[in-house]
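Shown next, in structure tokens, is the structure this report addresses.
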Amino acid sequence: MAVRMTGLLSVGLLLTWIHGTFTQEASVPITLSVENDLSNVTPETYSGAVVEGGVLLGALRRLQETQHGFKFTVKEDPNYGLFLESVNGVAGSESEQTYWEILSESSGEYTSLDVGIGCYQPKANEHIILRLSTWSKE
Ligand code: B12
């Protein structure tokens, strides 16, 4: 009886180990830069990570938890989800017509993302830039 119990216990432990090993989320590295030329703030670059298939919001949250000096806030838009409101204590301003633009850089080329932080899925080694920019009413 004792031998049977030990056997069952061992199988249970083995299954737990297999589950734990193969269901761990794989992370991919990304680089994040914060640029604020409008207030003459020195750019900062951080090494971050996002789970494979995860969204930029997750990478920003991880970074906020692990990197002293990086923080951000969001506000919810009823149609498009999460809007990046402030980065490192600086908020975009309706009256000054500034906002945190989200870009991706590759070989010196900058592309403004076509979705927000709650939808965008960064690729491995992608360089994301949060840049305080101005917008104008047409
Ligand atoms: C004007 C505009 C902006 C302005 C808004 C300024 C203002 N106070 O008016 C600014 C320049 C700030 C802006 C920024 C961005 N925008 Co924009 N924007 C628009 C646009 C052209 C019109 C919105 C509008 O005025 N609607 C009329 C008003 C009356 O309705 P409203 O609900 O009050 O509008 C608000 C929301 O649209 C919100 N908003 C605007 N853009 C975005 C983006 C996100 C992700 C969220 C959550 C909210 C949001 O700001 C408006 C004013 O409060 C739309 C496209 C369209 N034709 O609808 C794109 C649009 C909404 N924007 C888009 C995007 C991708 C962005 C950015 C992520 C771009 C970037 N790479 O940085 C950023 C947001 C970054 C961040 N900080 O999170 C996408 C959203 C797609 C999606 N599914 O996520 C759209 C649909 C354009 C597109 N690609 O087709 N945007």
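Since this is a predicted model, take the numbers as computed values, not measurements. Order of listing sets the numbers, starting from 1, for every ligand and every atom in it. Numbering starts at 1 and runs along the sequence shown.
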Task: Non-hydrogen protein atom less than 4.0 angstrom from atom 38 (C) of ligand 1 - done: yes
Open item on the list: Which residue and atom name correspond to the protein heavy atom nearest atom 72 (O) of ligand 1, and how close is it?
Closed with: Ile102 N, 2.8 Å
- [ ] Ignoring hydrogens, just give me the one of Asn79, Leu130, Thr111, Leu56 whose non-hydrogen atom is nearest atom 32 (O) of ligand 1.
- [x] Asn79
Open item on the list: Suppose we measure from atom 78 (O) of ligand 1 to each protein heavy atom; which comes out shortest, and what is that distance?
Closed with: Leu84 N, 2.8 Å
TODO: Go through ligand 1 atom by atom and flag the ones less than 4.0 Å from a non-hydrogen atom of Ser112.
DONE: 70 (C), 71 (N)
- [ ] For Trp100, counting its heavy atoms only, list the atoms of ligand 1 lying under 4.0 Å from any of them.
- [x] 75 (C), 76 (C), 77 (N)
- [ ] Among all protein heavy atoms, pick the one closest to atom 45 (C) of ligand 1 and tell me residue, atom and distance.
- [x] Gly116 CA, 3.5 Å
Open item on the list: side chain to side chain contact (heavy atoms under 4.5 Å, CB included) for Thr98 and Trp135? Distances and angles first, verdict last.
Closed with: CA-CA 6 Å; Thr98 58; Trp135 57 273; 5.8 Å; no
TODO: Compute the shortest N/O to N/O distance between Glu94 and ligand 1 and return yes if it is under 3.5 Å, no if not.
DONE: yes
TODO: Would you please test Val115 and Tyr80 for side chain to side chain contact (heavy atoms under 4.5 Å, CB included) and show each step?
DONE: CA-CA 8 Å; Val115 290; Tyr80 299 109; over 6 Å; no
TODO: Indicate whether the side chain of Gln97 and that of Thr134 have a donor and an acceptor atom separated by less than 3.5 Å.
DONE: no
Open item on the list: Keeping Trp100 on the side-chain end and Val34 on the backbone end, is there a donor-acceptor pair under 3.5 Å?
Closed with: no
Task: Residue from Lys123, Glu126, Glu52 passing side-chain contact (heavy atoms from CB on, under 4.5 Å) with Val28 - done: Glu52
Task: 4.0 Å protein heavy-atom contact status of atom 86 (C) of ligand 1, strictly under - done: yes
- [ ] Considering heavy atoms of the protein only, find what lies nearest to atom 68 (C) of ligand 1 and give residue, atom and distance to 0.1 Å.
- [x] Val115 O, 3.7 Å
- [ ] Would you mind finding which of Tyr99, Tyr80, Trp135, Tyr120 brings a heavy atom closest to atom 44 (C) of ligand 1?
- [x] Tyr80
Open item on the list: When you compare ligand 1 with Leu113, is there at least one nitrogen or oxygen pair between them that comes in under 3.5 angstrom?
Closed with: yes
Open item on the list: My question is simple, although I want it checked carefully: is atom 51 (C) of ligand 1 less than 4.0 angstrom from any protein heavy atom?
Closed with: no
Task: 4.0 Å protein heavy-atom contact status of atom 17 (Co) of ligand 1, strictly under - done: no
Open item on the list: Between Asp37 (side chain only) and Asn40 (backbone N and O only), is there a donor and an acceptor less than 3.5 Å apart?
Closed with: no
- [ ] Please confirm whether Asp114 comes under 4.0 Å of ligand 1, counting heavy atoms of the residue only.
- [x] yes
- [ ] State if Gly81 counts as touching ligand 1 under the rule of any non-hydrogen atom under 4.0 Å.
- [x] yes
Task: Nearest heavy-atom neighbours spanning Ala59 and Val50 - done: CB-CB, 3.9 Å
- [ ] Report the residue from Val55, Leu57, Leu60 that forms a side-chain contact (heavy atoms from CB on, under 4.5 Å) with Leu82.
- [x] Leu57
TODO: Return the residue, atom name and 0.1 Å-rounded distance of the protein heavy atom closest to atom 36 (C) of ligand 1.
DONE: Asp77 OD2, 3.4 Å
Open item on the list: One residue to check: Ile117. Relative to ligand 1, which of side chain, backbone, both or neither has a non-hydrogen atom less than 4.0 Å away?
Closed with: neither
Task: Distance under 6.0 Å and angle within 45° of ring axis: Arg62 vs Phe70 - done: no
Open item on the list: For atom 43 (C) of ligand 1, what's the nearest protein heavy-atom neighbour? Residue, atom name and distance, please.
Closed with: Phe83 CD1, 4.3 Å
Task: From Ser107, Ser104, Ser33, residue fulfilling side-chain contact (heavy atoms from CB on, under 4.5 Å) relative to His127 - done: Ser33
